[in-house]
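Step one of this worksheet: look at the structure below.
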Amino acid sequence: MPVTVLLVDDEPLVRAGLRAVLEAQPDIEVVGEAADGAAVIPLVRQLRPDVVAMDVRMPLMDGIEATRVVLRTVPDPPKVLVVTTFENDEYVYEALRAGADGFLLKRARPAEIVHAVRLVAEGESLLFPAAVRRLAAEYGTNRAREAMERAALTEREAEVLRLMARGLSNAEIAARLVVGVETVKTHVSAVLAKLGARDRTQAVIAAYESGFVAPR
């Protein structure tokens, strides 16, 4: 089954460019387009895409609020890939905090765009660039540090979280730790549960905000 994608951007040329790149791949299908976040909900419900490539800045409803609404109101919601012009944009960070699963620059090369969509669709690793890691660290709070302390991660869970924060997939973590992939999945689930995180992105944001992992 191909990875299905909904494109959301107020610039027709950006949508056309993304469509051309993605539809050149045999395993990716663009199933729809929208020019604003306000149109996302009905399209997601109708088309059931695997991934929404979401512009972060749009005139009526921006990508941050659209992401929140999708995740809050749609059962089994799609993955959200934030698409933006500037990598150090605080809007990107807020979108990730809202639940977006990855990050892509509009100037990315075609191969990077395809890789990002596939990576986010798989849901086992992150697109979390250095600029966003620094923003997360700057937003750090005592509350985040206290929450990390209360989580009381085991030594192995802490190691897994650090590798997650570096963007490694479950298979890559398993190879690094010389354990089975199922064992890694168990540790990842435990980390998410202890941190009260919805997904890997939220767990990694907590890791940076709390200072548990330092940006590089």
Side-chain angles (χ1 to χ4, degrees), residues 1-129 131-132 135 167 169 198-202 205:
M1 294 292 290
V3 175
T4 55
V5 182
L6 172 65
L7 303 177
V8 186
D9 196 295
D10 61 332
E11 298 182 36
L13 285 177
V14 172
R15 297 199 308 273
L18 289 173
R19 178 181 280 275
V21 168
L22 296 175
E23 289 198 330
Q25 306 303 311
D27 61 331
I28 299 176
E29 177 185 1
V30 176
V31 293
E33 298 183 15
D36 194 83
V40 171
I41 306 305
L43 284 175
V44 167
R45 291 183 179 278
Q46 174 190 349
L47 302 172
R48 304 300 300 173
D50 299 310
V51 177
V52 177
M54 184 96 72
D55 186 14
V56 74
R57 292 177 183 248
M58 293 177 285
L60 297 178
M61 180 184 288
D62 63 29
I64 301 169
E65 183 59 23
T67 296
R68 288 194 185 103
V69 175
V70 166
L71 297 180
R72 187 173 64 242
T73 64
V74 177
D76 191 21
K79 303 292 184 180
V80 177
L81 178 62
V82 175
V83 183
T84 188
T85 304
F86 306 107
E87 63 181 339
N88 62 347
D89 191 343
E90 291 188 12
Y91 276 73
V92 174
Y93 175 64
E94 290 299 334
L96 291 170
R97 290 192 76 188
D101 300 279
F103 163 97
L104 178 67
L105 287 172
K106 291 185 179 181
R107 64 175 181 271
R109 297 188 299 270
E112 293 172 330
I113 295 169
V114 171
H115 175 67
V117 168
R118 289 174 178 154
L119 197 66
V120 167
E122 292 168 0
E124 289 196 354
S125 50
L126 299 177
L127 296 167
F128 209 81
V132 178
L135 280 173
S169 68
R198 185 182 69 84
D199 56 23
R200 298 170 82 99
T201 302
Q202 304 303 301
I205 286 175

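All residue numbers refer to positions in the sequence shown, counting from 1.
Without hydrogens or angle criteria, Arg15 side chain to Asp9 main chain gives a donor-acceptor distance under 3.5 Å. Under a 3.5 Å cut-off, the side chain of Asp36 and the backbone N or O of Leu60 do form a donor-acceptor pair. Distance alone, capped at 3.5 Å, is enough to place a donor-acceptor pair between the Asp50 side chain and the Thr4 backbone. Using a distance-only test at 3.5 Å, with no hydrogens or angles considered, no donor-acceptor pair links the side chain of Thr67 to the main chain of Ala95.
Looking at Leu6 and Leu47, their side chains come closer than 4.5 Å, going by heavy atoms from C-beta outward. Side-chain contact check for Glu33 versus Val8: every heavy-atom pair is 4.5 Å or farther apart. By the 4.5 Å heavy-atom criterion applied to side chains, Phe103 and Leu81 are not counted as neighbours. By the 4.5 Å heavy-atom criterion applied to side chains, Asp76 and Arg48 are counted as neighbours. A 4.5 Å side-chain heavy-atom check between Met54 and Val40 finds at least one atom pair inside the cut-off. For the pair Glu112 and Arg109, the minimum side-chain heavy-atom distance is below 4.5 Å. Contact of the Pro110 side chain with the Val21 side chain is registered, since non-hydrogen atoms from C-beta on lie closer than 4.5 Å. Using a 4.5 Å heavy-atom cutoff, the side chains of Ile41 and Val69 are in contact.
The CG atom of Leu22 sits 5.0 Å away from the CD1 atom of Ile28 when rounded to the nearest 0.5 Å. Distance CD/Gln25 to NE2/His115: 13.0 Å, rounded to 0.5 Å. For the atom pair CZ of Arg107 and OG1 of Thr85, the computed distance is 8.5 Å after rounding to the nearest 0.5 Å. Here Arg68 contributes atom CZ and Met61 contributes atom CE; the two are 10.5 Å apart, rounded to the nearest 0.5 Å. Taking CG of Leu105 as the reference point, atom CD1 of Ile113 lies at 10.0 Å (rounded to 0.5 Å). Distance CZ/Arg118 to CG/Asp27: 4.0 Å, rounded to 0.5 Å.
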Apply the test side chain to side chain contact (heavy atoms under 4.5 Å, CB included) to residues Val3 and Val51: give CA-CA distance (whole Å), side-chain angles for both, the deciding distance (0.1 Å), then the verdict.
-> CA-CA 8 Å; Val3 175; Val51 177; 4.1 Å; yes
Residues Asp62, Val56; criterion side chain to side chain contact (heavy atoms under 4.5 Å, CB included); working and verdict | CA-CA 6 Å; Asp62 63 29; Val56 74; over 6 Å; no
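Residues Arg57 and Asp10 are not paired through a salt bridge, judged by the lack of any N-O separation under 4.0 Å between the basic side chain and the carboxylate. Salt bridge annotation for Asp55-Lys106: present, with a cationic side-chain nitrogen under 4.0 angstrom from a carboxylate oxygen.
Taking each heavy atom of Pro75 and Arg45 in turn, the nearest pair found is CD-NH1, 4.1 Å. The two residues Val120 and Gly102 have their closest heavy-atom pair at CG2-CA, 4.2 Å. What you find for Pro49 and Pro78 is that their closest heavy atoms are O-CB, 3.1 Å.
Listed by chain and residue number, nothing satisfies the salt bridge (Lys or Arg N to Asp or Glu O under 4.0 Å) test with Glu29 (two or more places apart in sequence, or in another chain).
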